[in-house]
Amino acid sequence: SLTNKFEKFLILKKIDLLFFNAPYEISLLVTKINFIIFLLSMQHRTHGFFPEYKKGHDNEIRDDIITNAVKKSFKILVGAEKDKSLLIKFFNAEENKIMIQPYTFTLPNLYKRNINLDYKKLFNDLILPQKKKIFIYPAQFWAHKNHKYIIDICIGLKKVNRDDIYFVFCGYDNGNLNYIKKLINKNKLNDYIKIFDYLDNFQLISLYLNCDGVVMPSYVGHTTIPMYEAFFFQKNIFYTKGLSDNSVKEHLTEIDINNTESFLENLQRIEKDRKQNEIKLKNAYKFYHEHCDEEKVINNFQKVFAEYKKIRELWD
């Protein structure tokens, strides 16, 4: 008979349906109002040994949010078919309740609205090497993001005196930044790696436009926002072998994260067959517009809302 303040406020405002665009803990307070929720990767169940999944009661809270969503939500959205499979496997979710929807994106739409901005100047203001191939890793500093793989690549490059490749890390610290900085300093790799603790959206766009590719050696993420951003900006993305969803696999360059030579070997293949690579990048760009364009996402959301509206008409 008790109603929490959050839900009491929603009822007072005559809110009929809630849409959580992420697995917010506050969704646990919703008991009388229907809701739709977007869940992230379920890989805390398969990779729970990473320190970020062991902080406090994070895993238990994740599971509580997901279990509650499975039981009470009208619809669950996930970013990949593999995430849907894990949701069914670990949480016994009803298959028809789950909808595949790529994550929503900021940078492509922001770029299209500000296409005449001087991105070259923004890029030059970052003061990066002029005559090197620049690869970016736009990821927060979690252990599972595996920045160390790129450090190991650089150690190998340094041993053979190769200095034409440069990596840029950018993302918020989530506990692993100091460790990565220590590794860079210990191995004297400042001529190979640059860390930006923070970049604004326009600076990040300038990086995408002017870089030679994106490297993502993560252990987690069947699909990711930088993956789709790379598709949009038509940049090669080097992605952990076997991790991605099958729907996007053909648009990636898979690398073996247990072998630092894998990145260089794949880069060499790309450079040897630039014509075929251009076809690959164009197909990735086409995939983005067919599945991730803002209008496509809006249409998918409208279908879910229309489905709920039809059912809602069955009662007063």
List the atom pairs, donor and acceptor, that lie under 3.5 Å between side-chain atoms in residues 174-186 and the rest of the protein, sequence neighbours left out.
| from | atom 1 | to | atom 2 | distance (Å) |
| --- | --- | --- | --- | --- |
| Asn174 | ND2 | Gln140 | OE1 | 2.4 |
| Asn185 | ND2 | Lys181 | O | 3.2 |

Geometric class of the Phe167/Phe263 ring pair [parallel <30°, tilted 30-60°, perpendicular >60°]: tilted
Aromatic plane relationship, His289 with Tyr285 - under 30° parallel, 30 to 60° tilted, over 60° perpendicular: perpendicular
Partners passing salt bridge (charged side-chain N to carboxylate O under 4.0 Å, His left out) against Asp293 (at least two apart in sequence or in another chain): Lys112
Separation of Arg62 CZ from Glu25 CD (nearest 0.5 Å): 12.0 Å
Ring centroid separation Phe19 to Phe38 under 6.0 Å: no
Ion pair Lys121/Asp125, N-O distance below 4.0 Å: yes
Residue from Ile66, Val220, Leu86 passing side chain to side chain contact (heavy atoms under 4.5 Å, CB included) with His44: Ile66
side-chain hydrogen bond (donor to acceptor under 3.5 Å, both in side chains) evaluation trace for Asn266 with Arg269: CA-CA 5 Å; Asn266 279 285; Arg269 289 191 192 100; 3.1 Å; yes
Near-ring test Phe233/Tyr288, centroid separation under 6.0 angstrom: no
Salt bridge (charged side-chain N to carboxylate O under 4.0 Å, His left out) partners of Asp16, counting only residues at least two apart: Arg312
is_close_aromatic(His147, Phe141), centroid dist under 6.0 Å: yes
Ser247 versus His251, closest heavy-atom pair with distance: O-CD2, 4.3 Å
Residues that Asp256 engages under salt bridge (charged side-chain N to carboxylate O under 4.0 Å, His left out), provided they are two or more places apart: none
Residue pair Ala230 / Val214: nearest heavy atoms and the distance that separates them: CB-CG2, 4.1 Å
Between CG on residue Leu107 and CG on residue Leu204, distance to nearest 0.5 Å: 5.0 Å
Heavy-atom pair with the smallest gap, counting every atom of Met216 and Pro226: SD-CB, 3.6 Å
Thr46 (side chain) donor-acceptor with Gln43 (main chain) under 3.5 angstrom: yes
Test item: Tyr137 side-chain N/O and Lys145 main-chain N/O as donor-acceptor pair under 3.5 Å: yes
Aromatic contact, Tyr111 with Tyr119 (centres under 6.0 Å): yes
Sequence-distant partners of Glu294, salt bridge (charged side-chain N to carboxylate O under 4.0 Å, His left out), two or more places apart: none
Glu7 side chain to Ile33 backbone, donor-acceptor under 3.5 Å: yes
Residue pairs passing the side chain to side chain donor-acceptor pair (under 3.5 Å) test where at least one lies in residues 209-223, sequence neighbours excluded: Asp83-His222, Lys120-Asn210
